[in-house]
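Down below is the structure, laid out as structure tokens.
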Amino acid sequence: MKQELISIGEAASILGVSIDTLRRWDKSGKLKPIKSKGGHRIYNRFQIELFLNDLFGIANDWVFNNIEMPPEFYCANSAVFQTRLAIMQGSLADIVELASQFPLVVAAAGEIGNNSFDHNLGNWPDIPGIFFGYDLYKRAIVLADRGQGILATLKRVKSDLSTHQEALKVAFTEILSGRSPEGRGNGLKFVRKIVSENSIDLLFKTGDAELILAKDSDSLDIRPSAGSFRGCLALITF
């Protein structure tokens, strides 16, 4: 494959970050140029495009390390999210082999994204809005927020909860009164039903806990996760 070499300015433009961010990423080893001479960093365009497609990695860095998020993945409010969700739905509808499945995939993504807005409305700890990206070739959707997280949200109506693992279990198994968004589809219980009945996998992280729900299975695998953050991070594959 012929390499198309680009400058650090062009690479920053493609990724939607600043040149200073790319310099920091070089020093930390997160994204290194293919060569650097006289202080000028040179990148391969294909290398940048591959990096851009590492959706989960980018979202993970945003929630864990406060790394700058490319603007094309940022939904500042629910209206922006719904618009982009509709665009994704249209793209999925064009994939013949997903004809029967794509509405369910969109519904699961929509529920997770809506939860972030519903349960952090007026109470975002730092950055409002969510990360929302998808790669239809890899059949992957990533959503993330730096909100209060599942435990803090559920403690408002279930004060005896003390761990993120407990909160994840409740979120995916119990219907709680006093949470108005639950009336719209029983929140993450609705997501669990979709995944358990279809060829969809879900990884959901919050705090220091993670949940894995495998396709065509109702079994919840809840475990400690590496590191801890405030908010939620979800990967849907189908």
Side-chain angles (χ1 to χ4, degrees), residues 55-56 59-60 63 81 85 88-89 92-93 95 97-119 130-136 138-145 147-158 160-229 231-238:
L55 298 176
F56 190 77
N60 192 78
V63 297
F81 172 60
L85 188 69
M88 183 186 75
Q89 179 173 344
L92 284 170
I95 302 175
E97 60 268 31
L98 296 178
S100 63
Q101 189 181 39
F102 83 84
L104 299 170
V105 172
V106 173
E111 191 64 51
I112 292 172
N114 286 331
N115 264 1
S116 293
F117 287 109
D118 289 338
H119 299 308
I130 70 171
F131 177 105
F132 173 46
Y134 54 90
D135 187 329
L136 302 188
K138 295 180 179 179
R139 301 287 198 269
I141 301 170
V142 179
L143 301 107
D145 70 65
Q148 300 175 79
I150 300 295
L151 178 59
T153 299
L154 291 185
K155 279 182 74 70
R156 299 173 196 161
V157 292
K158 197 173 176 64
D160 59 326
L161 288 173
S162 60
T163 71
H164 294 285
Q165 290 186 62
E166 291 174 347
L168 267 180
K169 182 177 180 181
V170 170
F172 278 85
T173 60
E174 296 183 26
I175 297 177
L176 301 177
S177 60
R179 299 177 67 215
S180 58
E182 291 288 356
R184 194 191 57 252
N186 294 332
L188 296 177
K189 273 71 69 177
F190 175 59
V191 174
R192 179 187 182 187
K193 177 176 172 58
I194 290 175
V195 173
S196 67
E197 296 177 354
N198 297 276
S199 295
I200 302 171
D201 293 304
L202 174 67
L203 169 63
F204 194 102
K205 294 188 174 189
T206 183
D208 60 1
E210 66 181 37
L211 173 148
I212 297 173
L213 187 56
K215 58 187 177 184
D216 302 316
S217 171
D218 193 43
S219 177
L220 298 178
D221 181 0
I222 300 175
R223 61 180 73 173
S225 65
S228 180
F229 70 102
C232 298
L233 172 62
L235 170 64
I236 301 170
T237 54
F238 52 95

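Shown here are the salt bridge (Lys or Arg N to Asp or Glu O under 4.0 Å) partners of Lys155, two or more places apart in sequence or in another chain: there are none. Residues forming a side-chain contact (heavy atoms from CB on, under 4.5 Å) with Ala152 (at least two apart in sequence, or on another chain): Gln148. Residues passing the salt bridge (Lys or Arg N to Asp or Glu O under 4.0 Å) test with Glu166: none are found, sequence neighbours excluded. Shown here are the side chain to side chain donor-acceptor pair (under 3.5 Å) partners of Asp221, two or more places apart in sequence or in another chain: Arg223. In this view, Ala107 and Phe190, Ile194 satisfy the side-chain contact (heavy atoms from CB on, under 4.5 Å) rule, not counting sequence neighbours. Listed by chain and residue number, nothing satisfies the salt bridge (Lys or Arg N to Asp or Glu O under 4.0 Å) test with Lys215 (two or more places apart in sequence, or in another chain). Scored by the ring-ring contact (aromatic ring centres under 6.0 Å, His included) test, Phe132 finds Phe81, Tyr134 as partners (sequence neighbours excluded). Partners of Ala234 according to the side-chain contact (heavy atoms from CB on, under 4.5 Å) rule, which considers only residues two or more places apart in sequence or in another chain, are Ile112, Leu202, Phe204. Listed by chain and residue number, Phe102, Val106 satisfy the side-chain contact (heavy atoms from CB on, under 4.5 Å) test with Gln89 (two or more places apart in sequence, or in another chain).
If you take OG1 on Thr173 and CG on Leu168, they are separated by 10.0 Å, rounding to the nearest 0.5 Å. Remark: Leu203 CG to Leu233 CG distance equals 7.0 Å, nearest 0.5 Å. Note that NE2 of His164 and OG of Ser225 are 9.0 Å apart. Values are rounded to the nearest 0.5 Å.
Counting heavy atoms from C-beta outward, Leu151 and Thr163 have side chains that stay 4.5 Å or more apart.
Smallest separation of non-hydrogen atoms from Cys232 and Thr206: SG-OG1, 3.9 Å. Residue Ala109 comes nearest to Leu85 through the heavy atom pair CB-CD1, 4.2 Å, listed as atom of the first residue, atom of the second, then distance. Closest heavy-atom contact between Leu55 and Phe131: O-CZ, 3.7 Å. For the residue pair Ala144 and Val63, the shortest heavy atom distance occurs at CB-CG1, 3.9 Å. Shortest non-hydrogen contact noted between Gly113 and Ile130 is CA-CD1, 4.1 Å.
Residue pairs that meet the salt bridge (Lys or Arg N to Asp or Glu O under 4.0 Å) test with at least one member in residues 97-109, sequence neighbours left out, are Glu97-Arg139. Legend: salt bridge (Lys or Arg N to Asp or Glu O under 4.0 Å) pairs involving residues 199-208, not counting sequence neighbours, sorted by first then second residue: Lys205-Glu210.
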**OP:** Apply side chain to side chain contact (heavy atoms under 4.5 Å, CB included) to Leu104 and Glu197, showing your working.
**Re:** CA-CA 10 Å; Leu104 299 170; Glu197 296 177 354; over 6 Å; no
Original post:
When you look at Leu188 and Ile150, which way does the side chain to side chain contact (heavy atoms under 4.5 Å, CB included) test go after all the steps?
Top reply: CA-CA 11 Å; Leu188 296 177; Ile150 300 295; 4.1 Å; yes
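Tested against Asp218 for a salt bridge (Lys or Arg N to Asp or Glu O under 4.0 Å), the candidates Lys193, Lys189, Arg192 yield a single pass: Arg192. Among the candidates Asn198, Leu92, Val195, the single residue satisfying the side chain to side chain contact (heavy atoms under 4.5 Å, CB included) test with Phe238 is Leu92.
Although no hydrogens or angles enter the test, the distance criterion places no donor-acceptor pair under 3.5 Å between the side chain of Asn60 and the main chain of Phe56.
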